[in-house]
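A quick write-up on the structure given underneath.
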Number of protein chains: 2
Amino acid sequence: MRSLLSVANVLGRLLMIFGIAYLMPIVCAVVYRDGTLLTFVVSLGACLIAGGALTLSTRGYQAELKARDGFILVALAWTLTAAIATVPLILHEQLSFTDAFFETMSGMTTTGATVMVGLDTVAPTINLWRHELNWLGGMGIIVLAVAILPMLGVGGMQLFRAEVPGPIKDARLTARIADTAAVLWSVYFVITLACALSLRLAGMGWFDAICHAFSALSLGGFSTRDASVGAFDSPLIEGVLIFFMVVAALNFATHFTVWRERSFRPYWRDAEVKGVLSVLLVSCLGCAVYLWLGEVYASFWTALRHVSFNLVSIATDCGFVSTDYALWPTFVPFWMLFLSALTASSGSTGGGIKMIRTLILVRQSSRELTRLLHPALAAPVTVGGMAVPNRVVVAILGFIFLYFMSIVAMTFLLIFGGLDFISAFSAVIACINNMGPGLGQVGPAANYAGLTDYDLWVLSFTMLLGRLEVFSLLILLTPMFWRK
Amino acid sequence: MRSLLSVANVLGRLLMIFGIAYLMPIVCAVVYRDGTLLTFVVSLGACLIAGGALTLSTRGYQAELKARDGFILVALAWTLTAAIATVPLILHEQLSFTDAFFETMSGMTTTGATVMVGLDTVAPTINLWRHELNWLGGMGIIVLAVAILPMLGVGGMQLFRAEVPGPIKDARLTARIADTAAVLWSVYFVITLACALSLRLAGMGWFDAICHAFSALSLGGFSTRDASVGAFDSPLIEGVLIFFMVVAALNFATHFTVWRERSFRPYWRDAEVKGVLSVLLVSCLGCAVYLWLGEVYASFWTALRHVSFNLVSIATDCGFVSTDYALWPTFVPFWMLFLSALTASSGSTGGGIKMIRTLILVRQSSRELTRLLHPALAAPVTVGGMAVPNRVVVAILGFIFLYFMSIVAMTFLLIFGGLDFISAFSAVIACINNMGPGLGQVGPAANYAGLTDYDLWVLSFTMLLGRLEVFSLLILLTPMFWRK
Ligand SMILES: [K+]
Ligand SMILES: [K+]
C-alpha cells in the first residue's frame, strides 16, 4: 500500500509534466483560431489539477521505487496520460469517453487505430493533438524499451542492457534512465525535424508535414486525412515517408552511435538492421511481382510503388495507408499482417515481437533440429557474432508463447462479443503490434468507428498489452503480484 | 546411402505385412458381393509385389537401424502405406491419385478429412477400407507416440519414457518396441470390440457399428455417411460415441495399467485425464449455455446434446459431426477448433500438441511471471507431482513455436494458391491436429472435394506434419540431415 502511494506520487508529477504537451496545441489554437483555445486551456487546467492533487495528497510517500513498483508505474503511466488526454476530444468533438480513450490510448501506444471520421474537416488543433500523442508515445516507448523493460527483466530484453549508450553503470537508477532518455530523445527530435522538412519540400503544407513527421517517427500512423497518405497521391511524399519509417523501425541507440562515431558502420554491425532491410526488400519485390503477374496492376512500377509504401508502413507498424490493399489477393494483406509482428527493431518505436527476437527464434529452431541429430554439435545461438545465453532463449520462447496466447485470448473475447472472425483476428494483430489498420470491418478503407464499446475496451487493453511487451501488463493480473 | 537401403529393406517388409490389411475387405467383398472383390485381390497383389521387390532388391542391407534412420523410416512408413492404399480407390472409384492419396493419408494419419461424396451409396467394402485405414493408423500412432518418438527425442516427449508399460529397459530396441506395441494393441483391440458391440446395441447395423468403432477408437472420424453421425439422428448412438471418443483421447498406457491393476486409480493419478475431462466438461456446459441464451436452441437439453457431441468430437480430434455447427455463433466453432489443438492426451490416438504439453506450458507461463517478481521463489514446473526438467520445458517451448510457425506457413501456402483465409486457416488447423472438418469451404456440412490438387498436397503434407509431431518431418527437410 505504501509503495502504491509512492507510485501515485510519481504519477502525479508525471501528469504535471505532461501538462507541457498542451502548449503546442494552445499555440496552434491561437494561430489557426479554430475555436479550440478554450478547450485546450481547460484541458491543461484539468491535467494540472489532477496531477497536482495526486502529488499533494501523497506527498508524504516520496521514496525510491523498487523494481516491482516499476510494473505498476509503467502500466498506469500509459493509462493515466491516455485518460487525461481524452479531455479535449470529449469537450470539443463530443466523443464518448470510450471512443476518446480508445483514440488517445491508440495515440500514446503509437497504434494509430482511429474511431474518428471526417479528419479532413476537423479543427486543425485537434488533429495536431492526436499526432502529438503519437509522438509523445514514441518518446515513452524509446525510454521504455531501452531503459525500463530490460531493468524489469521482461521477455529476454536484458540482452540489450549492454547496448544502452551513455552514462556509467553504477549511477543511480533514475539518473541513468534520465540521461539515456535525454540522449535518445535528442536523436528522435532531430530526425523528426528532418522528416518534417523533407515532407514540406516534397510538397506537403507545413501543418501536414509536421503532423505526419510526428506520426512517422513514432510509427504511430495517425493522419490528418480519412484516406491517410493516399489523400496526397504523391510518389515523392510516399518515398520520403518510406525512408523515415524504415529509420524509425531501427534501434535509436544505433542511430545515436552512428551520430557519435560519424560513421555508418554501426548499422552494419547491428544484426537487426540487416534483418529489417532484407525482410522489407524481399517482401516488397516478391509482392510487387505477385500483384503484377496477377494483373492487379498493369505496370510493375505501379505495383512496386503501392506495395512498397503500404507494405513498409504495415511491416514497420506505422499504419499509414495509400490505397485499399484489402482488395489485393488475400496473400499480400495477410503477409503484411504477418510482417507487422516481427519486423521492427528493439529500441525502435515499432511494435510486435521485434526483429532481434525473430532472429533468435529462427536460429534457435535450427539449433533444436541440429540437437536432435547431433546432440554434441549443437552450438549456442549467436546473433551478430554474440552468443545468446540459454536463459535468454528460454525467456524469449516464453515471451512468444504468451504473445501467441494473448492473440488467441483477445480474438476469442471479440468473437464472443459477436464480431466476425477476420475483423476480430486482424484487429487484435493490428493492436497488439501497435500497427493500426486491420482487415474486414477494420480494414484500410474503414476504421474502428463501427465497433461496439465492448470491442473498443478489449482492443484498448490489447494495445497496451502489446506496448508493454505482454509480460509487464499480465503480471499485474496475477494474484501473486498483489500478495504481501 | 547404405543406411537408406537398410531403411528400404524394413519398409519392404512393412508393406508385405500391410498386405494383411487387405484380408478384411476381401472377406467383406465376398459377403456383400459389391463388385469389389477383384479390386482388392489385385490391390493385395500390388502391395505384396511392391513390398517384395523392395525387400529383395535390398536384401544385402539388413542392419540394425540407427536413431537417425528412425526419422526417415517413420516418414516413409506413413507415406508408402498411404500410397499403396490408394490402389483400391483408384481402381474402383476412379479417383485421381491426388484425391486418393489425400483420402488414404487422411485415413492413415487419422485425420478423417474426406474428398469423397456419396459415401451412403458407395460399395460397402470401399467404406470398410477407409475405416480400416483409420484404425490401422491409430495402431501406428500408439506405437509411434509411446515407443518411437520418445526414442528420437522429439518435442520433450522423452518425459514419458518412464511411463511406458511392459518389458525391461535393457532389451534390444526392436524387441522393446514390439512388446510395448503388442500390449497396447490388445488394449486398443478390446476397447474397439466393446465400442462396436455398444454401437450395435444402440441401434446401428453391424456394418456401421464396426466401421464407426474403427473410426472412433482411432479418433479418425471417417463415416459411412456424407452427413456423418448426424445421419443416424440418435442421442443414444451419440452418447456411446462420446464415451468412446473420450476413452480414445486418453493415454492407452493408462488404460493398460487400469486393466493390469484392476483399479480405476491410475486414471486419478494421470494428470492428463483430469485435464481432458475438465476441459471437455467446462467447455460443453459453457457453450451449451451460450447457445441456449443466444436462442440457437429453444431447450437447454437440445443445446447440450448437440454441443456435447460435436464439441467432444472436434476437441478430441475425432471429427464426427452431427449437425452443421458452422451455423452456430462464431465463438463456438472457433473454440472447438482451438480445443482440437490441445485436448487429446499423449499416448492417445488424438492429435495436436497434447494435454501434457498444454499443462506444462500453462504452468511454465505462471512460473515465468513468478520469476519476474521473485527470482528466488520460482519453483520448477511440476505435473502430477513430478518435476519437469528444464530441458524438457525448453524442448516443449521449441516444439510449440515450430507448431505455430507450421500453421502460419501452411496457411500462407494455401492463401498464396488462392483459397480464402478462413477455409485455409481452419483447414490447416484441422489437418495439423489430425482432426478433420474445418470451416468455410471445408466446413462440417461440406468436405475437401472442392479444393485444388495443390491445396490437397499442401494439406496431405500438413496431416503428416501434425502426425509426426512436426520435428520428425521437418528435420528431413534440413540440408544438415542429408550431409555425411
Ligand atoms: K502504428
Ligand atoms: K480425426
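Model, not experiment: these values are computed from the prediction.
- Within the 4.5 angstrom heavy-atom criterion, atoms from both the backbone and the side chain of A:Leu361 approach chain B.
- Most heavy-atom pairs under 4.5 Å with chain A: of the set B:Val393, B:Ile400, B:Ile422, this distinction falls to B:Ile422.
- At a 4.5 Å heavy-atom cutoff, the contact between A:Leu402 and chain B is made by side-chain atoms alone.
- Atom CH2 of A:Trp292 has 12 or fewer heavy atoms from other residues, nucleotides or ligands within 6.0 Å.
- Taking all atoms of both residues into account, the shortest heavy-atom contact from A:Val394 to B:Val394 is CG2-CG2, 3.5 Å.
- Atom CZ of B:Phe416 sits about 5.0 Å away from atom OH of A:Tyr290, to the nearest 0.5 Å.
- Contacts of A:Val332 with chain B are absent, with no heavy-atom separation under 4.5 Å from either backbone or side chain.
- One finds the CG atom of B:Leu414 at 11.5 Å from the CZ atom of A:Phe331 (value rounded to the nearest 0.5 Å).
- Heavy-atom pairs under 4.5 Å with chain B were tallied for A:Phe412, A:Phe338, A:Phe401; the largest tally goes to A:Phe412.
- In this structure, the portions of A:Thr330 lying under 4.5 Å from any heavy atom of chain B include both its backbone and its side chain.
- Rounding to the nearest 0.5 Å gives a distance of 5.0 Å between CZ of A:Phe425 and CZ of B:Phe425.
- Ring pair B:Phe421/A:Phe334 is parallel by interplanar angle, where below 30° counts as parallel and above 60° as perpendicular.
- Note: A:Ile415 leads A:Thr411, A:Ile415, A:Asp420 in heavy-atom pairs under 4.5 Å with chain B.
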